[in-house]
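Taking it in order: structure first as structure tokens, then the write-up.
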Amino acid sequence: MEQVTVKLSSRSYEVRIGGGLLEKAGEEIAPFAPGGRVALVSDDRVDRLYGDRTAASLEKAGLQVSRFTFPEGESSKNMTTYCRLLEFLARQRLTRADCVAALGGGVTGDLAGFAAATYLRGIALVQLPTTLLAAVDSSVGGKTGVDLEAGKNLAGAFCQPRRVLCDTHTLSTLTPETFADGMAEVIKYGAILDRELLELLEQRQDEDPMEEVIRRCVALKGMLVERDERDTGDRQLLNFGHTVGHAIEKRSGYTITHGSAVAMGMAVMARACWKNGFSKDNCAPRLEWLLKRYHLPTRCPYSLEELVEGMLSDKKRGGNRITLVAPMEEGRCVLHPVPVDELEAFLQPGMEG
Ligand SMILES: NC(=O)c1ccc[n+]([C@@H]2O[C@H](COP(=O)([O-])OP(=O)(O)OC[C@H]3O[C@@H](n4cnc5c(N)ncnc54)[C@H](O)[C@@H]3O)[C@@H](O)[C@H]2O)c1
């Protein structure tokens with residue numbers, strides 16, 4: 001088993017990574033639920049696959065379990081499901097001495113986390129990520145929330161988990177597409193902060209265990225969160241490929257997955273930064289090779305004008321500059337604010353192969 005400690009000024013927590021951890025969920029979670037109740041939240045697919053064994057472990061540890069499930073997919077990450085979950089927690093009479101356990105991917109973690117952050121003004125949260133994306137990204141760092149009609153993730157709260165248990169056996173049932181989505185985020189960590197991770201990803205065989213890869217990513221995310229818990233500085237490095245990627249996702253009506261869109265976004269940025277003379281090294285060839293190796297796309301199917309329009313209409317954007325994450329050399333990115341009226345010219349060379 002691998003382990004990472006995320007050390008925050010308010011409180012530290014452990015992230016455990018290894019095969020079979022769901023069977024130990026009871027003993028791991030019991031200390032965070034002295035009131036004896038756990039609300040186990042998951043989407044219907046994950047509940048079918050892993051709900052029973054997780055609930056059995058919790059019950060074996062003497063905990064009373066109530067299960068809340070919702071239809072799988074991003075379209076459930078909304079205020080309606082969130083309110084249903086709050087009402088459920090209230091009906092189950094959970095108190096501040098009880099705990100919410102989020103079993104699933106990023107949708108479940110964000111939704112259950114937001115409910116835990118706000119129910120009774122905050123009760124304990126444990127994250128049990130079952131997608132690669134949730135393991136390396138969304139389960140760590142404390143960002144929780146739901147989508148509004150006006151856009152993604154527009155309502156939410158910071159809520160750090162008490163513990164994260166990543167059972168790597170669960171990755172075996174992911175579809176290849178969902179696994180690839182997570183790999184886009186893994187490659188992102190290598191590109192922004194960790195050249196050795198890039199080497200590890202080049203050398204590893206598909207059947208090799210994922211523990212070490214996940215541990216490295218969680219350690220990197222933990223480091224950024226420790227430095228910038230509220231996401232006003234260095235943590236923005238995690239947006240590499242995302243500013244362009246969000247515009248691609250939105251333009252496609254969300255038919256292009258998040259991971260594929262981020263992959264295209266990273267490739268566009270790497271090419272643009274090199275051809276603009278901004279990067280010290282040309283990071284694009286190695287990045288593109290890795291993305292293809294893990295079945296991810298590197299070309300954006302939309303025109304530059306469509307892309308820029310999407311980026312500028314981002315509801316979270318403020319001011320007349322847009323902060324891009326720019327590769328400087330392999331394993332190192334920097335924040336690079338670009339004036340809005342120069343964005344199109346900056347990205348243009350990145351659109352070509
Ligand atoms: N909070 C954060 O910091 C943060 C960071 C990145 C992404 N996110 C959010 O995460 C969400 C995306 O996460 P995701 O890709 O995990 O999506 P998801 O939770 O919808 O999971 C993707 C699909 O995989 C299925 N699934 C989950 N685990 C499985 C398993 N082990 N075996 C088989 N199927 C399984 C789910 O049922 C779902 O259909 C987005 O809403 C995004 O905004 C949050």
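In listed order, ligands and their atoms are each counted from 1.
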Which of the ligand 1 atoms, numbered from 1, are nearer than 4.0 Å to a heavy atom of Glu74: 40 (C), 41 (O)
Atom 6 (C) of ligand 1: nearest protein contact (heavy atom, Å): Asp137 OD2, 3.4 Å
Per-atom contacts, ligand 1 versus Lys152 - under 4.0 Å to a heavy atom: 43 (O)
Thr81 side-chain N/O to Ser76 backbone N/O, donor-acceptor pair under 3.5 Å: yes
Subset of ligand 1 atoms that lie under 4.0 Å from at least one heavy atom of Lys143: 1 (N), 2 (C), 3 (O)
Glu14 atom CD: more than 12 heavy-atom contacts under 6.0 Å: yes
Residues Lys77 and Asp43 bridged, charged N to O under 4.0 Å: no
Top protein contact for atom 26 (N) of ligand 1, by heavy-atom distance: Val46 CG2, 3.8 Å
Atoms in ligand 1 with a heavy atom of Glu72 nearer than 4.0 Å: 37 (O), 38 (C), 39 (O)
Thr144 N/O under 3.5 Å from ligand 1 N/O: no
Protein residue, atom and distance nearest to atom 35 (C) of ligand 1, heavy-atom basis: Leu174 CD2, 3.7 Å
Close side-chain approach of Leu287 to Pro327, heavy-atom, < 4.5 Å: no
Nitrogen or oxygen atoms of Val140 and ligand 1 under 3.5 Å apart: no
Nearest neighbour in protein (non-hydrogen) for atom 4 (C) of ligand 1: Ser138 CB, 3.2 Å
Option of least heavy-atom distance to atom 7 (C) of ligand 1 (set: Thr173, Thr175, Leu238, Leu133): Leu133
Proximity to ligand 1 by part of Leu171, non-hydrogen separation under 4.0 Å: neither
Leu49 neighbourhood, listing ligand 1 atoms whose heavy-atom distance to it stays under 4.0 Å: 32 (N), 33 (C)
Pick from Lys221, Gln127, His246: the one approaching atom 3 (O) of ligand 1 most closely through a non-hydrogen atom: Lys221
Structural part of Asp147 in contact with ligand 1, heavy atom criterion under 4.0 angstrom: neither
Closest heavy-atom pair and its distance - Met328, Val334: CE-CG2, 4.1 Å
Nearest-contact summary for atom 24 (O) of ligand 1 - protein heavy atom, Å: Thr178 CG2, 3.9 Å
Proximal atoms of ligand 1 relative to Asp43 (non-hydrogen, under 4.0 Å): 36 (C), 37 (O), 38 (C)
SB check Glu212 Arg215 (cutoff 4.0 Å): yes
Which of the ligand 1 atoms, numbered from 1, are nearer than 4.0 Å to a heavy atom of Tyr50: 31 (N)
Pairing of Arg271 and Glu288 as salt bridge, 4.0 angstrom limit: yes
Nitrogen or oxygen of Val107 less than 3.5 angstrom from that of ligand 1: yes
salt_bridge(Lys143, Asp137) N-O dist < 4.0 Å: no
Whether His246 and His242 hold their rings parallel, tilted or perpendicular, with breakpoints at 30° and 60°: perpendicular
Protein contact to atom 28 (N) of ligand 1 [nearest heavy atom, distance to 0.1 Å]: Thr130 OG1, 2.7 Å
Atom 34 (N) of ligand 1: the protein heavy-atom neighbour that sits closest, reported with distance to 0.1 Å: Arg45 CD, 3.3 Å
Glu329/Arg195 ion pair, N-O < 4.0 Å: no
Parallel, tilted or perpendicular: ring planes of Phe346 versus His336, cut at 30 and 60 degrees: tilted
Residue Gly105 vicinity, atoms of ligand 1 by number, heavy atom under 4.0 Å: 16 (O), 19 (O)
Polar atom proximity, Lys77 to ligand 1 (N or O, under 3.5 Å): yes
Heavy-atom nearest neighbour in the protein, as seen from atom 21 (O) of ligand 1, with distance rounded to 0.1 Å: Thr131 CG2, 3.7 Å
